[in-house]
Novice: 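Structure below; questions to follow.
The basis for the numbers below is simple: all heavy atoms, side chains too, and nothing from hydrogens, waters or symmetry mates. Fair warning: this is a prediction, and the values are worked out from it, not measured in the lab.
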Amino acid sequence: MTNQPTVLNPKELGLIECIHASHHLLSQDMKSYKLVNYTFLFFKKGDGDLYINEKRHFIKMNRFFLLHPGMTMRIANKGENLIHYYHIEFRKVHVHDSTFNHLQGPIYVAHPSALAHHTENLVHKPKMEGNQQLKKLRLQMLTYELIYFLHTDQHTTSQSNIKIAEEFIQTHYQEDINRDMLASMTGLSPSHFSVRFKKETGRSPMDYLTHIRIEKAKELLTTTNDRLKGIAKSVGYQDEFYFSRIFKKVSGIPPTVYSQTKRPRIVNLVCAFNGHFHALNHIPFASLSNNAVEGYRLYTHKNPIYFSKGRGIYEIFHSLLDKLADMNPDLIICGDFPAEFEESTKHVAPTINIPWAKKDWRGHLQQIAQLIGKEEEATKWLNEYDEKAHTAANNVRKYINPADKIMIIRIYAGQYRLYGKRNIGQVLYNDLKLTPVEEVKQIGKEMNQQIFTLDNILKSEADHLFIMTSPDKYSKQLLRQLVEDKKWPNIPAVAKHQVYHIDNMPWLEYSAYAHELLLERSVTLFKEHALRTNNSTNTSI
């Protein structure tokens, strides 16, 4: 049986007859049996394995398979919950012998939720018909609708399907994956797909697969007690010795050494420090994160622990402390917490305070590297970053005037705020060597912002204006108040159409990983703006 994903060809589709369509809930293993008819299997929920002619396929949400008559199938339920799946049988009627011959195994689609909708309709809607003939007619109509969807969904999404292939690797890295399989999902030739994939991700498809597998293996090595053989299989390698060779080639050390040196259960309580751990390829046992939608959450290798949305770190601290005590960590990392909070965490585990204000992001990265034994990696990373920053600064000068003045405004908590040379300012002013407006010089070195008035903004001489707006209703009102003011068009950046509305993240994250992203994004932003401006000028001429 081939590993290639199914691609439906409408020229080969003749008449078919749907014989049976049903929904099943499986609580235990299913015994192997031989199929009499063609069979569609759609798995809506569950965790297990589908064996087709004894070849294993992973069962995950929204997975779809086509099986042929004469094949054997069985299902193994690996989880405690039920496996929800739809079973649809059909047979060929007056069609060429070659029809469906090459269509077998997993079928990959770009819109699995739409596939779920078609499958559920096929199973449930015919039951609503009172007349038996109408039931059969509805069943046939919905069967052809399903097949039509499968064909059109696979052939109309190639423009952006590199992302689909990337996400497929991220969720199916345990399986047998090759370049031709991924290319088939996008509708591109294998060679064209490889070029497009590397251009958009920075890695070849197979290098990206290896990267994902090794990163997942690192997570398992640091957060579980699984044997090496089991970890290798969990990330897609059947041979643990081959896995060890690949791991050492990518990481520089064998997985057994990595496991021994990275075992301390570190809990990071400073959200921005997550980017430093990411840059150092180290996954803490648990990390605190925060965003406007979910609020604070303590993310562990098992499950995220959520706290109330909108509450500050100090309000959640006592709840957080209870969770930390249950985790039994070896080390807790905090930054500029009140003395009483730090004393509380010390009763749970040794606590390291990394000064947030007195150290810059480089100092944060280097201190974290010392704690986890990655000083050399940190030094190498910073050297490479400086080279990237130098290149990015030269590239930015191709698209904007070096004398142009930059201003960064954030609207949140009912106020306008001017950002200085930390956070996003670190990248724009220090690394890309751009010129800030005069008011930035008044912001202290250890501060990242100061309150700014509407009048201050309207009087600004900024040639480029960056604006970040919090998603709450009041912040959006303040933005409207700004852009609807009659003096708004007088700002040079507005007159030159050089206003950039950007998201808080990652532009505000003060970390190594975020800054590396921002170097590239800043160049792209100025480049795309320059191209739009040139195109607009050429069009007007």
Side-chain angles (χ1 to χ4, degrees), residues 56 58 78 166 168-179 182 198 201-268 273-287 299-302 327-333 349-350 352 365-385 511-513 516:
R56 185 177 70 162
F58 292 94
K78 294 194 300 186
E166 183 181 353
F168 180 84
I169 292 174
Q170 293 170 0
T171 55
H172 296 80
Y173 58 87
Q174 312 100 320
E175 302 179 34
D176 294 333
I177 296 177
N178 57 54
R179 185 188 69 165
L182 296 169
K198 187 168 185 178
T201 68
R203 290 185 170 91
S204 70
M206 293 300 98
D207 284 346
Y208 186 80
L209 172 61
T210 299
H211 166 72
I212 293 297
R213 285 175 167 175
I214 297 304
E215 288 303 306
K216 295 295 183 181
K218 288 179 178 179
E219 182 177 346
L220 293 172
L221 287 165
T222 55
T223 59
T224 73
N225 294 313
D226 293 350
R227 292 180 179 274
L228 192 62
K229 184 176 182 179
I231 290 176
K233 287 187 175 181
S234 295
V235 297
Y237 296 101
Q238 300 305 311
D239 185 339
E240 64 179 293
F241 300 105
Y242 178 71
F243 162 69
S244 295
R245 291 198 299 273
I246 295 296
F247 190 99
K248 184 177 181 180
K249 181 180 178 180
V250 174
S251 304
I253 58 175
T256 50
V257 176
Y258 184 92
S259 177
Q260 292 168 2
T261 58
K262 313 303 181 214
R263 290 301 298 177
R265 297 159 68 93
I266 295 176
V267 175
N268 168 43
F273 289 171
N274 292 329
H276 297 311
F277 282 103
H278 190 286
L280 295 170
N281 283 321
H282 184 93
I283 303 172
F285 178 73
S287 293
Y299 187 81
T300 71
H301 66 290
K302 292 182 178 180
M327 291 179 181
N328 191 29
D330 297 313
L331 180 68
I332 297 174
I333 295 177
I352 299 294
L365 175 69
Q366 290 168 329
Q367 188 168 350
I368 289 172
Q370 290 174 356
L371 291 173
I372 62 176
K374 286 204 168 187
E375 295 95 329
E376 291 184 6
E377 287 90 338
T379 299
K380 179 182 178 183
W381 193 96
L382 287 170
N383 289 337
E384 291 176 351
Y385 177 86
S511 78
Y513 178 65
E516 185 178 36

Novice: Determine the minimum heavy-atom distance between Trp381 and Ala512, stating which atoms define it.
Specialist: CH2-O, 3.1 Å

Novice: Kindly indicate whether the side chain of Ser251, heavy atoms from C-beta on, has any atom under 4.5 Å from the side chain of Ile214.
Specialist: yes

Novice: How about Ser244 and Pro254: do any of their side-chain heavy atoms sit closer than 4.5 Å?
Specialist: no

Novice: Please evaluate residues Val257 and Lys248 with respect to the criterion side chain to side chain contact (heavy atoms under 4.5 Å, CB included), reporting the C-alpha separation (whole Å), side-chain torsions for both, the decisive distance (0.1 Å), and the verdict.
Specialist: CA-CA 10 Å; Val257 176; Lys248 184 177 181 180; over 6 Å; no

Novice: Does His172 reach the main-chain N or O of Phe168 with its side chain, forming a donor-acceptor pair under 3.5 Å?
Specialist: yes

Novice: For the CD atom of Glu376 and the NZ atom of Lys380, what is their distance to the nearest 0.5 Å?
Specialist: 10.0 Å

Novice: Heavy-atom distance under 4.5 Å between the side chains of Ile231 and Lys216, does that happen here?
Specialist: no

Novice: Do Tyr299 and Asn274 come close enough that some side-chain heavy atom pair is under 4.5 Å?
Specialist: no

Novice: Please indicate whether Tyr513 has more than 12 foreign heavy atoms, meaning atoms of other residues, nucleotides or ligands, lying under 6.0 Å from its OH.
Specialist: no

Novice: Can Lys218 and Glu215 be counted as an ion pair, charged N to O under 4.0 angstrom?
Specialist: yes

Novice: Where is the tightest heavy-atom contact between Met206 and Arg179, given as atom of each residue plus distance?
Specialist: CE-N, 3.7 Å

Novice: Can you name the closest pair of heavy atoms from Ile177 and Ile169 and give their distance?
Specialist: CD1-CA, 4.5 Å

Novice: Over all heavy atoms of both residues, which pair between Ala349 and Pro329 is shortest? Give the atoms and the distance, please.
Specialist: CB-O, 3.4 Å

Novice: In Å, rounded to the nearest 0.5 Å, how long is the span from CD1 of Ile352 to CG of Asn268?
Specialist: 12.5 Å

Novice: Nearest 0.5 Å please: distance from the CG atom of Leu228 over to the CZ atom of Phe247.
Specialist: 9.0 Å

Novice: Mind checking the CZ-OH spacing from Arg245 to Tyr237? Nearest 0.5 Å is all I need.
Specialist: 11.0 Å

Novice: Go through the side-chain N and O atoms of Glu516 and Tyr385 and say whether any donor and acceptor fall under 3.5 Å apart.
Specialist: no

Novice: Tyr208 and side-chain hydrogen bond (donor to acceptor under 3.5 Å, both in side chains): which partner among Glu166, Arg203, Arg213?
Specialist: Glu166

Novice: So Phe273 and His276, would you call those rings parallel, tilted or perpendicular, with 30° and 60° as cut-offs?
Specialist: tilted

Novice: Rounded to the nearest 0.5 Å, how far apart are NZ of Lys249 and OG1 of Thr210?
Specialist: 8.5 Å

Novice: Side-chain contact test, heavy atoms from C-beta onward, threshold under 4.5 Å: evaluate it for Leu209 versus Leu182 and give yes or no.
Specialist: no

Novice: Please lay out, stage by stage, how Ile266 and Ile372 fare under the test side chain to side chain contact (heavy atoms under 4.5 Å, CB included).
Specialist: CA-CA 9 Å; Ile266 295 176; Ile372 62 176; 3.5 Å; yes

Novice: Is any side-chain heavy atom of Gln238 less than 4.5 Å from a side-chain heavy atom of Lys233?
Specialist: yes

Novice: Determine whether Leu220 and Ser234 make a side-chain contact, defined as any pair of heavy atoms from C-beta on separated by less than 4.5 Å.
Specialist: yes

Novice: Can Ile368 and Phe277 be said to form a side chain to side chain contact (heavy atoms under 4.5 Å, CB included), step by step?
Specialist: CA-CA 8 Å; Ile368 289 172; Phe277 282 103; 3.8 Å; yes

